[in-house]
Amino acid sequence: MTTILYSVTGLLLFVFGLFALIVCPHPLRKILGGNVMSAGIFLFLVAASYRADTGEIDAVPQAMVLTGIVVSVCITAVALVLSTRLQQAADQGARRRRKRRREEDAGE
Amino acid sequence: MKMLLTGFDLLLALTLLWLAWQLLRSTDIFKAIIFFICFGLLMSLAWVRMHAPDVALAEAAIGTGLTGPLFLAALRRIERKAGKNMMSEPAGNGEETGSRWKARNREMSPLLWTVTALTCCLAGLLIWTVLIIPRPLPGLADQVAGSLAESGVNNPVTAVLLNFRGYDTLLEVMVLLLGAITVWSITHAPFPPRVPDTSPVQKAAVRLLLPLICLIGGYLVWQGAYQTGGAFQGGAVLSAALVLLLISDFLWLPGMRSLPLRLGLTLGPLVFVLLAGFGILVEKTLLRLPVEYAGPLLLFLEAACGLSIGLTLAAFFAGGRPASDLRETPYSGEAKGKGPAES
Amino acid sequence: MIHVAVALFLLLTVVLGMIRIVYGPTVADRMMAAQLFGTSGLAILLVLAWGMDMPELIDIALTFSLLATLATMTFVRRVWYEEGKSDDS
Amino acid sequence: MAFADSWIVVPVFAPLTAALLAFLVRRASFFISLAAACLSLLAVAVLVNRFLVNGPAAYAVGGWDPPLGICLRTDGPALIMLVLTAVAGVGISLYAKGYFTLRIERPSRVGRPERQERFFWPLWMLQLTGLNGLYLSGDIFNLYVTLEVIGVSAAALAALSGKSASLIAALRYLLVSLLGSMSYLLGVVFVYKTYGVLDLGLLQAAAAPAPGVIAAMALMSVGLLLKTAIFPMHFWLPPAHANALAPVSAILSGLVVKGSFFLLFRLWFDIFSPVLPAAAFNLMGSLGAGAIIWGGVQVLRQQRLKLLIAYSTVSQLGYLVIAFPLAFAGGSSQAWSAVLFMASGHACAKIAMFMSAGTIMLHAGHDRIRDLAGIRAYLPVTAFAYAAAGVNLIGLPPSGGFIAKWMLLITALAGHQWLWAVVLLAGSFLATAYVFRVVAQLFVIPPDKPVITRRRAGLLEWPALIMALLSLLLGLMAPYPLRLLEAGQIVRTAMTMGGGP
C-alpha cells in the first residue's frame, strides 16, 4: 500500500514537472519543473525498492538517488547562472539601445 | 496504528502533489520558490517514511537547504527590474514584469491542450504500468549485505557509494566540478557593494553559527562510515558556512585569489583519481582497495571530497568565477560598486 | 501509536500553515510561513525519531535547523534588504 | 587480473585527469590536453589490438563483479566509436589551439578569447571523459551519469562564446538535455524494478517480455532521441551548434550526438531486441525518414554557412535511425555495420566542415554564403577540405558515407522495403543539392571582391583536411572496421556474463 502510494505520487510529480518544463515560459519555472521531475523519479525509485512487509532496505537505489540529487543540484546551478547571465546580457543590450537613442535625440 | 500511518502517508502524498501543482501554477515566481522550499521539506519526510535516512539528510542539506537559497539569489538577479513591486502583492500577474520572459496570454491554446492531454495520457500509462508490475524484486540488497564486511565501512549506502560503485561516484564528483567550471566560464561573481552595510545582528549571528555549522559538517562527513551521513551531506553543510560568509558581504571576499580556490575545488577529485591509480598499482584493479586499509582510506577520501563538495556548492551560490580570476579586478571598471561590463 | 498521532497532527498544522503562503499578502509573510513550516517539519522528524526508533533522524533535524537560517538570510539580504536601495544597475 | 587489463580505463582516466590539471595549471592546459588526447589514442590502439587477439573484454571496476559493481566492456561497436573519438580528439585539440591563437592575436575584445580558451580545455577534456565513459560502460545507471557529464559539458561549451544567441541556445540545450536524461533515468528505474539488475550483460541474459519493459524502453528511447536530436525533436540543435565557437561546433555536431545515439543503438540491438515489437522499429524508421527529408529541405533554405551545416546534421542523423527497421527485418549484421560506418563517416565529415567554416569565418569575418564566393583562392586547403567532407555527406565512393548508404540500400532492396530505399535516394539528392550550393560558391572566382587577408593558419587548415580525408577514405579502409564488428558478432551470440578478475 505504502509502496504503491509513494510510487504513484512519484510518477505524478514526474508528470507535473514535465508539464512545467515544456509549457512554462519563464526559465526559473522551467528549472523548478526539472527539480520536481527529478524528485518524482527519485521517490519512485526508492518507493519501488522499498518493501514494507520485510522492512528490507536495498542500499543501491538509495546510493543512486544520492548521486541523482547531487547531479540535479549541479544542473540547477548551471541553469540558474545561465539564465542570470542571459538577463544581464539583455539588460546591457537594452541600456545600450537606450543610450544610442538618447544620443540620436541629442544629435537632432 | 496502521490506519494512522496510512493517514499520515496519504496526507503527506497529497500535500506533496498539491505543493508541486501550486509551485508550477502560481503566478508569482517568489511564491513558487517558497513552495519549493516547503516541497523539499516534505520530500525529506517522505524519505524518512521510506526508511532512507541518508537520502533524507541529503535532501535536507542539498535539496532544500541549498537549492532554495540558490533560487532566491537567482530570482533577485533575474527579476531586478521587477523588484519594485515585489514588496507588495503584485497586481494581477506580476510574474514576468520587466523581465525578458513576458507572460503569454493565459488562454488555453490548442497546443497547450495537446500537451496537457499528452501528459495526462503519459501519467495514466505510467501508473497503469506500475500497477501491473508484480511485486518488487529483492534487488541487490543481499549482495550488498554479503560484501559489506569487505568494504571497510558499516553504512551500506556509503559502502555502495564509495566502494562498490565508486566509479559512479567518481564521475559524479566530476559532474560537480564540471558544474563549477561551467559556472566560472559563464560569468564572474557579482561584486559586493564597496561598503557593505551588514547589520551587526547578522554579523553576530554568522559568528555564532559558523563554527557550529563547520562542526556539524565535519561530524556528518566522519559519521558517514557508521550511519547516516557522508561526504555529500557533510559537504553541503560545510558549504552552508561559506554561503553565510558570502551573504554577509565580507570585504575580503572579492579579493579572493583564484588558485587556492581551484586547488580546493579539485582536491576531492584529485584524491579520488589518485586512489583509483593506487588501486591499479597495489591490487592491479582500478579503485580496488586493500580490505584491511579500506576504512581509513575511505575516511580520507570522504574528508577530501567533503571539502571540495562544500566549496563547489558555495561556488554555485557565488554564481561565477572570483573577480580576481584572469586579470579582472573588482573596482577597476565602472563606478558605484558595479563590476566591469562583461562581454 | 501516540507518536504517529502527534506526527499526523503536526502535519495537519503544516497544511493549515500553507494558507499564509497562498494568500500572502507580502513576501515576508510567505517567508515566515515557510520558516514556520520548517519548525513543524523539524518537530515531526524528532517525534518520528523517538517513535520509529531511528536516532539518525535527529541529525537530519539538526541539519534542517542549521540550514533554515540560510534561506532566511538569503531572503533578507538578497530579496528584501536590497529592496530599499536605489536599483539602477 | 593483470596490469595490462587496465588499459581499458585509460580512455576515461587520461582526459579526466587532464581536465583536473588543465583547470589547475592553466598555462599548460593545451599541452596537458593534447597529451591526454594522444594517450587515449594510444590506449585505444592497444585495446583494439587486445580485442583482435583475445576477443571482448570485461573489467570489473574496484574488483566488484556485477550485479553489485560496475563493469567496463569492449566490443566491436564500442571500439569503433572509441577509435573515432580518439582520432577526432587529437584533431580537434590541434584545431582549437590554432583557432584560439588566431583569435587572441586579433582580439575583438581584450581578454575574452583568452578566457574562452582557458575554460575550453577542461570542458573539452570532460566531454571526452564522458564520451569514452559512455562507450565503455556496461551499467545502465553509470551510463546515466556519463550522459549527464556529456550533457552539462556540451551545454557549457555551447555557452562559451558568450553571445546572447549562444547563451539562449545553451540554456535551451541544457534544459533539453535535462529532460532527455530524466526520461532515460525513469526508464532505468523501470528496468531496475522489472529485472532487479543494472548490468547490461545480465540484462541481456534476463531480457524477457515483462510488463515494465515497454514503458522502460519507450522512456529511455524518447530521452535518447531527444538528446540525439532526431526529427521531430531536433529543434534545439541548429541554434546551439551554429552559434558556438567553431571547435565547439565540431565537437557538438561530430561527437556529442553520436554518444547518445550509440547508447540508443546498444539498448535496441544488444539488450532489448527480443522484447520489442516490429512496429517500434518501423516507427523509428519513419522518424529517420522524416529527418532526412525535412532536414534536407531545411538545409536548402539556409543563408548562413554554420546554420546550413547544423541543419545538415539534423538530416544526416536520420540515416542512423532509418537503419533500425532495415536491421530488424534483414536480420543481418549489414544494416547495423552500416549505422556505425555512417556515424563515423558523418562525424569526421562534420568535424571537417565545421572546422572549415570556422576558418572561413575567422578570415572573412562572416559566414553569409552569398558573399563567400572565391574563398578557394585564399584558403585552398580549407575549401578542399569542405568539398571532400561534402563528398562523404552525399555518399559518393570511396567515402564512408557511400559504404554505409550502399549497405543500407542493399538491405532495403533485399527486404523489399521500397519506401525506405526511396527515402535513402531522395536524401542523397538533397545532400547533393546543398553541398554543391556551397562548394560552387567557394570555388567560383569572382571578378572583383575585396581580398581577405590570409594569415598563417596551418593548425586551422590541416586538421580539417585530415578529418575530411579520413571520412573520404573510410570506404577504402572498410575491411578493418568490419573485422572489428565481425569479431564482436561472434561473441555477441555467446557473450558470457561477468568476467571479473
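A note on names: the letters A, B, ... follow the listed sequences, proteins ahead of strands, and every chain is numbered from 1. What you see is a predicted model, and the numbers here were worked out from it, not measured in a lab.
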- D:A170 versus chain A, the contacting section by heavy-atom distance below 4.5 Å: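 Contact with chain A involves both backbone and side-chain atoms of D:A170.
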
- Message: Please classify the contact between D:L174 and chain A as side chain, backbone, both or neither, with a heavy-atom cut-off of under 4.5 Å.
- Response: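 Just the side chain, heavy atoms under 4.5 Å.
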
Which side chain or backbone donor-acceptor pairs connect chain D with chain A at less than 3.5 Å?
residue, atom, partner, partner atom, Å
D:Y192, OH, A:D58, OD2, 2.5

- Task: Evaluate side chain to side chain contact (heavy atoms under 4.5 Å, CB included) for D:F262 paired with D:Y135, printing each intermediate quantity in order.
- Result: CA-CA 8 Å; D:F262 179 78; D:Y135 297 138; 3.4 Å; yes

- Candidates D:L134, D:V152, D:L185 - the one meeting side chain to side chain contact (heavy atoms under 4.5 Å, CB included) with D:L147: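 Exactly one candidate clears the test, D:L134.
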
- Message: Between A:V46 and A:M64, is there a side-chain heavy-atom distance shorter than 4.5 Å?
- Response: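 A:M64 does not reach A:V46 side chain to side chain.
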
- Does the cation-pi check pass for D:R26 over D:F119, that is, NZ or CZ under 6.0 Å from the six-membered ring centre and within 45° of its axis?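 Output yes; distance and angle both within limits.
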
- Task: Determine, step by step, whether D:V61 and D:C71 satisfy the side chain to side chain contact (heavy atoms under 4.5 Å, CB included) criterion, reporting the C-alpha distance in whole Å, the side-chain angles of both residues, the deciding distance to 0.1 Å, and the verdict.
- Result: CA-CA 6 Å; D:V61 180; D:C71 209; over 6 Å; no

- Query: For A:L21, is it the side chain, the backbone, both or neither that has a heavy atom under 4.5 Å from a heavy atom of chain D?
  - Reply: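 Side chain of A:L21 only, per the 4.5 Å heavy-atom cut-off to chain D.
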
- Which heavy-atom pair separates D:V213 from D:A208 by the least distance, and what is that distance?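 Smallest heavy-atom distance, with atoms named: CG2-O, 4.0 Å.
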
- Item | Residue selection (most heavy-atom pairs with chain A, distance under 4.5 Å) from D:L68, D:V149, D:L175 |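 Among D:L68, D:V149, D:L175, the one with the most close pairs to chain A is D:L175.
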
- Taking A:L45, A:I31, A:L18, A:L11 one by one, which has the highest count of heavy-atom pairs under 4.5 Å against chain D?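 The candidate making the most pairs under 4.5 Å is A:L45.
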
